[in-house]
Amino acid sequence: MRNLTTKSVMSIAGVLGAAVVLAACGSGTDSSDHSAMTHPTATATASPAPGASAAAHNEADVMFASMMVPHHQQAIDMTAMVNGRTQNTELIELARKIDAAQGPEIEQMSAWLKLWNAQPGAMDHSSMGHGDGMMTPEQMDSLHQLTGSAFDKAWLEMMIEHHQGAVDMARTELAQGQNPDAKKLAQSIIDGQEAEIGQMKQMLAG
């Protein structure tokens with residue numbers, strides 16, 4: 001009876017030992033699986049901030065953004081002159097549209113330049129190799145003095161020239177640039193400003 005009891009105790013001990021080993025193995029498997037599931041999360045990269053392009057870029061991209069920022073800013077200066085100088089509702093609405101489009105584009109390109117360690121207007125406009133449509137200080141002063149129909153005519157003529165310069169700069173970016181976001185913006189500028197050029201020519205003819 002004593003021998004039977006001893007054997008029973010030994011059997012129970014063996015079963016318990018095996019259970020411990022199995023439990024340890026199971027714990028190791030769970031730990032391994034958990035590590036595998038969490039690894040992608042640990043190595044995931046954050047999405048880039050809106051309005052900033054970290055993709056590859058070249059000198060043409062930098063020139064496009066650095067020159068287009070002051071170019072857009074002058075267009076916004078021209079739209080600001082509309083207030084109090086004209087009663088032409090179509091021109092007032094066009095100026096509002098230009099301001100609404102080009103303000104955010106300035107912010108977008110400025111973010112790129114910061115990312116690329118460049119500055120707006122860092123290059124001479126003459127280096128573009130063609131007219132960029134920028135008005136001289138004298139032209140801006142002259143426009144500032146006008147009102148009524150004289151202002152409307154001068155503003156439309158200047159803005160057409162200004163827009164055409166932007167379109168030319170954007171076409172250069174499409175041909176020579178590398179950054180996909182900058183090229184996408186260039187195409188958007190071409191599409192939007194060519195349509196506005198057509199509208200302004202019709203306004204002058206009317």
Side-chain angles (χ1 to χ4, degrees), residues 50-51 62-114 118-175 177 181-206:
V62 175
M63 176 176 283
F64 168 70
S66 68
M67 301 308 292
M68 195 64 81
V69 167
H71 197 277
H72 271 22
Q73 186 57 60
Q74 188 178 71
I76 289 177
D77 292 343
M78 291 173 68
T79 65
M81 292 186 192
V82 169
N83 186 32
R85 291 184 172 83
T86 181
Q87 300 299 316
N88 187 321
T89 55
E90 186 176 5
L91 192 151
I92 292 171
E93 175 58 25
L94 176 60
R96 184 205 63 77
K97 181 181 176 183
I98 291 171
D99 184 81
Q102 297 196 20
E105 289 175 354
I106 288 174
E107 294 181 3
Q108 185 178 38
M109 290 183 288
S110 296
W112 294 344
L113 290 170
K114 183 177 181 180
Q119 295 295 325
M123 301 178 186
D124 184 359
H125 282 258
S126 63
S127 65
M128 294 295 292
H130 52 69
D132 57 17
M134 288 288 285
M135 300 296 109
T136 65
E138 292 75 19
Q139 286 175 305
M140 294 293 283
D141 289 342
S142 175
L143 183 61
H144 194 273
Q145 302 302 318
L146 300 175
T147 59
S149 60
F151 173 84
D152 297 349
K153 182 175 185 294
W155 190 92
L156 288 168
E157 289 174 344
M158 289 184 183
M159 191 61 82
I160 287 172
E161 182 180 351
H162 201 270
H163 270 29
Q164 188 58 61
V167 169
D168 291 343
M169 291 163 65
R171 291 194 185 283
T172 299
E173 166 62 16
L174 287 182
D181 292 333
K183 291 166 77 73
K184 181 179 179 180
L185 177 60
Q187 185 62 61
S188 177
I189 288 172
I190 291 169
D191 295 342
Q193 297 202 21
E194 281 190 335
E196 289 171 355
I197 288 171
Q199 178 184 356
M200 289 187 286
K201 286 182 176 179
Q202 289 181 347
M203 292 169 69
L204 281 173

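Summarising the geometry of Val69 relative to Met109, their closest heavy-atom pair is CG2-CB, 3.8 Å, with the distance given to 0.1 Å. Closest heavy-atom contact between Leu156 and Leu91: CG-CD1, 3.9 Å. A pairwise comparison of heavy atoms in Met134 and Asp132 identifies N-OD1, 3.1 Å as the closest pair. Between Leu113 and Val62 the shortest heavy-atom distance is CD2-O, 3.9 Å. Nearest heavy-atom pair across Ala170 and Met68 is N-CE, 4.3 Å. Of all the heavy atoms in Leu185 and Phe64, the pair that sits closest is CD2-CE2, 4.4 Å.
In Glu157, the CD atom is crowded: over 12 heavy atoms of neighbouring residues, nucleotides or ligands sit closer than 6.0 Å. The 12-atom threshold is not exceeded at CG of Asn83, counting heavy atoms of other residues, nucleotides or ligands nearer than 6.0 Å.
Taken to the nearest 0.5 Å, the CE atom of Met78 stands 12.5 Å off from the CG atom of Asp99. Distance check, rounded to the nearest 0.5 Å: CD of Glu90 to CE of Met200 gives 10.5 Å. Note that CE of Met135 is 4.0 Å distant from CD of Glu161, once rounded to the nearest 0.5 Å. With rounding to the nearest 0.5 Å, the separation of CD1 in Ile76 from NE2 in His71 is 12.0 Å. Distance check, rounded to the nearest 0.5 Å: CD of Glu105 to CD of Glu107 gives 11.0 Å.
Counting heavy atoms from C-beta on, the side chains of Ile189 and Glu173 never come closer than 4.5 Å. Taking the side chain as every heavy atom from C-beta outward, His163 and Ile98 approach each other to under 4.5 Å. Side-chain contact between Met159 and Thr79 is present, with heavy atoms from C-beta onward closer than 4.5 Å. Residues Leu146 and Arg85 are not in side-chain contact: their nearest non-hydrogen atoms beyond the backbone lie 4.5 Å or more apart. For the pair Gln74/Met140, a side-chain contact is recorded, criterion being any heavy-atom separation below 4.5 Å from C-beta on.
Judged purely by atom type and a 3.5 angstrom limit, His72 has no side-chain atom pairing as donor or acceptor with the backbone of Ala101. Side chain of Ser142 to backbone of Gln139: no donor-acceptor contact under 3.5 angstrom is found. Between the side chain of Trp155 and the main chain of Leu143, no donor-acceptor pair closer than 3.5 Å is present. Without hydrogens or angle criteria, Ser110 side chain to Ile106 main chain gives a donor-acceptor distance under 3.5 Å.
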Handout entry: Stepwise side-chain hydrogen bond (donor to acceptor under 3.5 Å, both in side chains) test for Asp168 and Gln164
Key = CA-CA 6 Å; Asp168 291 343; Gln164 188 58 61; 3.2 Å; yes

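Between Glu93 and Lys97 no salt bridge is recorded (no basic side-chain N to carboxylate O distance below 4.0 Å).
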